[in-house]
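Read through the structure below, which is laid out as structure tokens, and then see the notes.
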Amino acid sequence: MRAVVLVGGFGTRLRPLTNNTPKPMLPVGHHSIIESVVSQLARGGISEVVLALGFRPEPFVAAFPDGTCAGIPLTYAVEPEPLDTAGAIRFAAMAAGIDGTFVVVNGDVICDVDVAALVAFHHSSGAEGTLHLTAVENPSAFGVVVLDGSGVVQRFVEKPAPGTETSNLVNAGTYVLEPSVIERIPDGRKVSVEREVFPLMVADRTLFGLATDDYWLDTGQPHLYLRANLDLLDGRRQHERCAAVAPGATVAPSATIRHSVVGEGAVVGDGALVEDSVLLPGASVGDGARVRDSIVAGSVGAWASLLSCVVGSTATVAEGLELTGARVPDPTA
Ligand code: GDD
Ligand code: MG
């Protein structure tokens, strides 16, 4: 079975990390998010992946030069301009000639869902579309779903105003779809699957949902991206785990790395402390610097102190500077 992976968003909420790197190419542990997504699809019986891109395919093509990711053959569908989620599904499915049941995944979701079980449920219920659902504490940040006792979706509301949610079950971003869904998507304009297509299917009672309580996380915000890394380190994932320090990182013997992921080629100087943090490949932390609850892709000067900060790959934090809750460079400036 084939899967369309949506990777065309701008990753706005993760800026400045996504200034030069598409969100799905950021590492979780020592592999990219997209590799984690495709590995999970492969475990669930997916044999080919179509990457649906709204812009800039180059970083993906460069990362997977032999046309495979996690052992799965990849093809690319590059929209002439971003078509939003349903437009992207339609464009990719047409480009790949999909004419049978297929899977769609949001390319920024890390989860342990059993895709084969989702497909089996889809077939047994005779659904036109089946959504993977998960329970969360802040449903208004997601697509909120109300299910009836037989698994039929009764309501789908994308990002309702806080306090107006009618359920804590949300769209977890993995779908099993029949090709008839493609015919529901108007051609040649932006179409949101969450705001336009799912509500139509709800009205026709052809949209089903299956809730699971396995590991699930949308990596699209800094604190969640950080958590995805630390969860992998802490062994919270079913199939994957990562070492704290990549073999190609250089950590001074007098530095302290506590509950953190240090990527390939990262450098940590004498006496530095890195705690509850992620250093991306190529990051550097100067002598005596303190980095806590932060994500660093660029360079932190000696004796600087960071708490809950995000430092982009082209940024340098000056020596001795103390920052709390900052993004460097500031994406809103
Ligand atoms: N190809 C393409 N073209 N992909 C796109 C486009 C586009 O125009 N717009 C967004 N995407 C991709 C993003 O790259 C991402 O992988 C996926 O579609 C979802 O977009 P996000 O921007 O991450 O959406 P969200 O996280 O706010 O909400 C979505 O995911 C939630 C679960 O994590 C929705 O599907 C919610 O209903 C859902 O609960
Ligand atoms: Mg998202």
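Counting starts at 1 for both ligands and their atoms, in listed order.
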Ligand 1 atoms in contact with Val7 (distance to a heavy atom under 4.0 Å): 14 (O)
Interfacing atoms of ligand 1 (cut-off 4.0 Å, heavy-atom, Leu83): 8 (O)
Test: Arg184 and Asp204 ion pair at under 4.0 Å: yes
Which of the ligand 1 atoms, numbered from 1, are nearer than 4.0 Å to a heavy atom of Trp216: 32 (C), 33 (O)
Flag if over 12 foreign heavy atoms under 6.0 Å of CZ, Arg155: no
Asp218 and ligand 1 - part of the residue with a heavy-atom distance under 4.0 Å: side chain
For atom 20 (O) of ligand 1, the protein heavy atom that lies nearest, with its residue and separation: Thr85 CG2, 4.7 Å
Lys/Arg-Asp/Glu bridge criterion (N-O < 4.0 Å) met for Arg205, Asp148: yes
Ligand 1 contacted by Val170 (non-hydrogen, < 4.0 Å): no
Gap between atom CG of Asp276 and atom CG of Asp293 - 0.5 Å precision: 6.5 Å
Protein contact to atom 8 (O) of ligand 1 [nearest heavy atom, distance to 0.1 Å]: Asp84 N, 2.7 Å
Among Lys23, Gln221, Lys159, closest by any non-hydrogen atom to atom 27 (O) of ligand 1: Lys159
Vertex the Mg ion (ligand 2), rays to OD2 in Asp108 and OD2 in Asp218 - rounded to 10°: 110°
Shortest heavy-atom approach to atom 1 (N) of ligand 1 - which of Glu79, Lys190, Glu194: Glu79
Residue, atom name and distance, where the atom is the protein heavy atom closest to atom 23 (O) of ligand 1: Asp108 OD2, 2.8 Å
Protein heavy-atom partner closest to atom 15 (C) of ligand 1 - residue, atom, separation in Å: Leu6 O, 3.9 Å
Rounded distance (nearest 0.5 Å) linking atom OG of Ser294 with atom CG of Leu226: 8.0 Å
Proximal atoms of ligand 1 relative to Gly107 (non-hydrogen, under 4.0 Å): 16 (O)
Ala88, portion touching ligand 1 at heavy-atom distance under 4.0 Å: side chain
Crowding at CZ, Arg237 (>12 non-hydrogen neighbours, <6.0 Å): yes
Contact atoms of ligand 1, heavy-atom distance to Leu53 under 4.0 Å: 1 (N)
Side chain, backbone, both or neither: the part of Phe198 lying under 4.0 Å from ligand 1 by heavy atom: neither
Side-chain ion pair, Lys190 and Glu79, N-O less than 4.0 Å: no
Side chain, backbone, both or neither: the part of Val109 lying under 4.0 Å from ligand 1 by heavy atom: side chain
Within 6.0 Å of CG in Asn138, more than 12 heavy atoms from elsewhere: yes
CZ (Arg2) with more than 12 external heavy atoms under 6.0 Å: yes
Note, Asp234 side chain near His259 side chain (heavy atom, < 4.5 Å): yes
Heavy-atom side-chain proximity of Met201 to Leu131 below 4.5 angstrom: no
Residue portion contacting ligand 1 (non-hydrogen atoms closer than 4.0 Å) for Tyr175: side chain
Heavy atom of the protein closest to atom 38 (C) of ligand 1 (residue, atom name, distance): Asn171 O, 3.3 Å
Single-linkage hydrophobic cluster, 4.5 Å side-chain cutoff, Val144 and Phe198 together: no
Per-atom contacts of ligand 1 with Phe142, taking only distances under 4.0 Å to non-hydrogen atoms: 31 (C), 32 (C), 39 (O)
Any N/O pair Ala141/ligand 1 closer than 3.5 Å: no
Smallest separation among heavy atoms of Gly269 and Ala252, with atom names: C-CB, 3.6 Å
Residue and atom name of the nearest protein heavy atom (relative to atom 29 (C) of ligand 1), distance in Å to one decimal: Asn106 ND2, 3.5 Å
Ligand 1 to Gly8 polar contact by distance, N or O atoms, under 3.5 Å: yes
Gap separating the CG atom of Leu177 from the CD1 atom of Ile185, nearest 0.5 angstrom: 8.0 Å
Proximal atoms of ligand 1 relative to Pro82 (non-hydrogen, under 4.0 Å): 8 (O)
Identity and separation of the nearest protein heavy atom to atom 13 (C) of ligand 1: Gly9 N, 3.5 Å
Arg13, portion touching ligand 1 at heavy-atom distance under 4.0 Å: side chain
Spacing of Thr12 atom OG1 and Gln221 atom CD [to the nearest 0.5 Å]: 11.5 Å
Residue, atom name and distance, where the atom is the protein heavy atom closest to atom 37 (O) of ligand 1: Glu158 OE1, 2.6 Å
Atoms in ligand 1 with a heavy atom of Ala52 nearer than 4.0 Å: 1 (N), 2 (C)
Neighbour count above 12 (heavy atom, 6.0 Å) for Arg236 CZ: no
